[in-house]
Trainee: 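Just passing along the structure, written as structure tokens.
In this chain, residues are counted from 1 in sequence order. Counting starts at 1 for both ligands and their atoms, following the listed order.
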Amino acid sequence: MNDEFPKLPSNCTSMLCKHLSKEMFENLKSKQTANGFTLKNAINSGVENIDSGIGVYAGDEESYTLFSPLFNPIIQEYHDFGKNDTHQSNMNPDNLYAPNPDPDKKYIVSTRIRVGRNINNIPLGSAISKKQRNKVEASIAKALKTLKGELKGDYYPLFGMSKEVQNKLIKDHFLFKEGDRFLAAAGLNRDWPEGRGIYHNHNKTFLVWINEEDQLRIISMQKGGNIKEVFTRLVTAIKSIATKIDFSYSNHLGYITSCPTNLGTAMRASVHIALPKLSKNKLMFHTITKKHHLQIRGVHGEHSKTEGVIYDISNQRRLGVTEIVCVQDMYNGVVELIEAEKKLSK
Ligand code: ADP
Ligand code: ARG
């Protein structure tokens, strides 16, 4: 490997640039995990993409311990989660208080909740081989075939899918985009499009992405603001899939994911919501989202600019809080955003 400390410009604001010191680099640069994943592999995305927010990816569960001097402060800062904390899961829909905050469909366009999952004892996407990835695809597709009722659907591999179908699925918010430069630099787009694909039920309220950033992204979504229905469907699906697939989980870090921002619950619960007035009052908008630990994204997902007045509002914390807290954060914040929007419209 190139032994030189990477060139990181002084105006770089990513967590990688903030936390990687020369001394740390020297201590870690010759280590590698059992899968051959090195510090250089872990940081390459942030080195090549200086505008990263985070800038690091793990190649396997071991990366999080072997390179903990770098990962721990990033995990601490993103999730407010310390190295001696433990993670807890709670997916009981009965514990969620979320009556539809917008029954008249004036603000909430759609609701989506996803989790990331990876298979135990197989390298994550940054370190996986082509053969292993193809095997992962086959075993997940096989497991999904056994789903019943509302979750019943079909698997559509990306390999051989027409551009027309692919682009329509992306435009309609169902499929991951292609060519993400952050993932590419992390080694996550190797052998594209082989081994990747999407499973969905007939009306596309339940979907599974295979071998994108994580081996599985399990997704429940529908029009409108019935958050509890979306959550309940997701939990049913996660539980069914878990009877066939052994997910990678640690008591400390929860579900193991490629990116440290997704650890823990690996859950992102979002609404697409129209906020024409509030979005012009940036101070008020950001005060509410900050209070409820929310992230604002554009309508075409991460790193997209928003179009018009519709925003993607989701929970930011995922580790050290339960799934219920993730969704509750989003729900409580959305209720307050709608109240503020109504007030400003008077
Ligand atoms: P992820 O949710 O997996 O972290 P993205 O932010 O890139 O990744 O979002 C993936 C896709 O899901 C994008 O097309 C985005 O527009 C869509 N999406 C996210 N939230 C919603 C929502 N509440 N309703 C409809 N589509 C959504
Ligand atoms: N690596 C990218 C960055 O640092 C994305 C980080 C969070 N998003 C994600 N999809 N993992 O900006």
Side-chain angles (χ1 to χ4, degrees), residues 12-19 42-58 74-75 77-79 102 107-117 124-126 166-189 198 200 204-205 207-210 212-214 216-227 230-231 234 257-263 265-274 294-307 310-316 318-319 326-327 330-331 334:
C12 170
T13 56
S14 70
M15 291 200 193
L16 169 69
C17 290
K18 187 167 166 192
H19 295 292
I43 66 176
N44 194 56
S45 187
V47 171
E48 284 193 10
N49 299 286
I50 285 307
D51 58 340
S52 290
I54 314 293
V56 295
Y57 290 87
I74 291 176
I75 290 168
E77 186 174 337
Y78 186 87
H79 299 281
D102 180 32
Y107 306 97
I108 302 178
V109 180
S110 51
T111 303
R112 173 183 185 267
I113 311 180
R114 61 83 165 156
V115 294
R117 291 289 186 269
L124 297 167
S126 284
Q166 185 185 350
N167 290 338
K168 171 119 175 70
L169 284 169
I170 295 171
K171 190 176 140 275
D172 292 344
H173 308 290
F174 297 123
L175 181 64
F176 45 84
K177 54 193 180 305
E178 184 168 330
D180 181 290
R181 64 190 160 92
F182 301 90
L183 296 184
L188 270 150
N189 290 351
I198 182 172
H200 63 76
K204 303 196 187 85
T205 54
L207 311 94
V208 181
W209 295 354
I210 300 183
E212 193 238 11
E213 180 174 326
D214 291 302
L216 298 102
R217 285 285 172 96
I218 308 172
I219 303 162
S220 170
M221 64 197 283
Q222 67 191 46
K223 297 273 177 220
N226 193 337
I227 295 168
V230 173
F231 182 71
L234 180 70
T257 53
S258 296
C259 177
T261 63
N262 282 316
L263 289 166
T265 60
M267 176 171 279
R268 193 169 86 85
S270 67
V271 288
H272 276 178
I273 183 169
L294 301 179
Q295 195 176 59
I296 306 170
R297 292 186 181 185
V299 81
H300 291 293
E302 193 170 29
H303 305 117
S304 72
K305 287 256 180 324
T306 223
E307 280 168 14
I310 299 181
Y311 291 82
D312 173 328
I313 303 291
S314 64
N315 61 297
Q316 171 135 20
R318 308 187 221 288
L319 171 62
C326 291
V327 183
M330 186 273 270
Y331 176 81
V334 164

Trainee: What's the shortest distance from atom 8 (O) of ligand 1 to any protein heavy atom, and which residue and atom give it?
Mentor: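 Nearest neighbour among protein heavy atoms for atom 8 (O) of ligand 1, to 0.1 Å: R297 NH1, 3.8 Å.
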Trainee: Is it true that the side chains of S314 and R268 contain a donor and an acceptor less than 3.5 Å apart?
Mentor: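 A pair is found: one side chain offers a donor N or O, the other an acceptor, under 3.5 Å apart.
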Trainee: Does this structure show an ion pair linking R181 with E48, if we count only N-O contacts that are shorter than 4.0 Å?
Mentor: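 Salt bridge between R181 and E48, a charged N being under 4.0 Å from a carboxylate O: no.
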Trainee: For H19, what residues pass the ring pair (Phe, Tyr, Trp, His ring centres under 6.0 Å) criterion, not counting sequence neighbours?
Mentor: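 By the ring pair (Phe, Tyr, Trp, His ring centres under 6.0 Å) rule, H19 matches no residue at all.
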Trainee: Quick one: ligand 2 N/O to protein N/O pairs below 3.5 Å?
Mentor:
| from | atom 1 | to | atom 2 | distance (Å) |
| --- | --- | --- | --- | --- |
| ligand 2 | 1 (N) | Y57 | OH | 2.7 |
| ligand 2 | 4 (O) | G53 | N | 3.2 |
| ligand 2 | 4 (O) | I54 | N | 2.7 |
| ligand 2 | 4 (O) | G55 | N | 3.0 |
| ligand 2 | 8 (N) | E302 | OE1 | 3.2 |
| ligand 2 | 8 (N) | E302 | OE2 | 2.6 |
| ligand 2 | 10 (N) | E213 | OE1 | 2.9 |
| ligand 2 | 10 (N) | E302 | OE1 | 2.7 |
| ligand 2 | 11 (N) | E213 | OE1 | 3.4 |
| ligand 2 | 11 (N) | E213 | OE2 | 2.8 |
| ligand 2 | 12 (O) | G53 | N | 2.8 |

Trainee: Assess, by modelled atom type and distance only, whether the side chains of N262 and R318 contain a donor and an acceptor separated by less than 3.5 Å.
Mentor: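 Yes, a side-chain donor-acceptor pair sits under 3.5 Å.
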Trainee: My understanding is that we take every heavy atom of each candidate and find the minimum distance to atom 13 (C) of ligand 1. Doing that for G116, A266, G301, which one comes out nearest?
Mentor: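 Closest candidate by heavy-atom distance is G301.
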Trainee: Are any of the N or O atoms of W209 closer than 3.5 Å to those of ligand 1?
Mentor: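 Min N/O separation from ligand 1 is not below 3.5 Å for W209.
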Trainee: Which is closest to atom 3 (O) of ligand 1 in terms of heavy atoms, R217, E302, H300?
Mentor: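 Nearest heavy atom to atom 3 (O) of ligand 1 lies in R217.
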Trainee: Identify, with sequence neighbours excluded, every residue that meets ring pair (Phe, Tyr, Trp, His ring centres under 6.0 Å) alongside Y107.
Mentor: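 With sequence neighbours excluded, Y107 shows a ring pair (Phe, Tyr, Trp, His ring centres under 6.0 Å) to no residue whatsoever.
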Trainee: Tell me, please, which residues at least two apart from F231 pass ring pair (Phe, Tyr, Trp, His ring centres under 6.0 Å).
Mentor: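 With neighbours one apart ignored, the set is empty.
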Trainee: Enumerate the atoms of ligand 1 whose separation from the nearest heavy atom of D312 is less than 4.0 angstrom.
Mentor: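 Near D312, meaning under 4.0 Å from one of its heavy atoms, ligand 1 has 19 (C), 20 (N).
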Trainee: Looking only at N/O atoms, are V299 and ligand 1 under 3.5 Å apart anywhere?
Mentor: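 N/O-N/O distance below 3.5 Å exists for this pair.
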Trainee: Look up atom NE2 in H272 and atom OG1 in T111, then write down how far apart they are to the nearest 0.5 Å.
Mentor: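 Rounded to the nearest 0.5 Å, the NE2-OG1 separation comes to 10.0 Å.
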Trainee: For atom 18 (N) of ligand 1, grab the closest protein heavy atom and report residue, atom and distance to one decimal in Å.
Mentor: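 The protein heavy atom lying closest is R112 CD, 3.4 Å.
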Trainee: Is there a side-chain contact between V327 and I227 (heavy atoms, below 4.5 Å)?
Mentor: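 Side chain of V327 against side chain of I227, heavy atoms only: contact under 4.5 Å found.
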Trainee: What protein heavy atom sits nearest atom 20 (N) of ligand 1, and how far away is it?
Mentor: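 Among all protein heavy atoms, the one nearest atom 20 (N) of ligand 1 is S270 OG, 2.7 Å.
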Trainee: Pull out every atom of ligand 1 sitting under 4.0 Å from any heavy atom of V271, numbered as shown with elements.
Mentor: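 Reading through ligand 1 atom by atom, the close ones are 23 (N).
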Trainee: Quick test: of every protein heavy atom, which one is nearest to atom 1 (P) of ligand 1, and how far off is it to 0.1 Å?
Mentor: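 For atom 1 (P) of ligand 1, the nearest protein heavy atom is R114 NE, 3.5 Å.
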Trainee: When you check the gap from the basic side-chain N to the acidic O, do R114 and D214 get nearer than 4.0 Å?
Mentor: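 No.
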Trainee: In the protein, which heavy atom is nearest to atom 9 (O) of ligand 1, and how far is it?
Mentor: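 The closest heavy atom on the protein side is R268 NH2, 3.6 Å.
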Trainee: Considering only heavy atoms from C-beta outward, does the side chain of E213 approach that of C259 to under 4.5 Å?
Mentor: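 Counting from C-beta outward, E213 and C259 do come under 4.5 Å.
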Trainee: Working to the nearest 0.5 angstrom, can you tell me the gap between I198 CD1 and L175 CG?
Mentor: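 Going from the CD1 atom of I198 to the CG atom of L175 covers 5.0 Å.
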Trainee: Mark up the atoms of ligand 1 that fall under 4.0 Å of a heavy atom belonging to M221, in ascending order.
Mentor: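 It comes down to these atoms of ligand 1: 25 (C), 26 (N).
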Trainee: If you have a sec, work out which protein heavy atom is nearest atom 24 (N) of ligand 1 and how many Å separate them, to one decimal?
Mentor: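 Its nearest protein heavy-atom neighbour is S110 OG, 2.6 Å.
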Trainee: Take the angle between the ring planes of H300 and H173 and call it parallel below 30°, perpendicular above 60°, tilted in between.
Mentor: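 The rings of H300 and H173 lie parallel, inter-plane angle below 30°.
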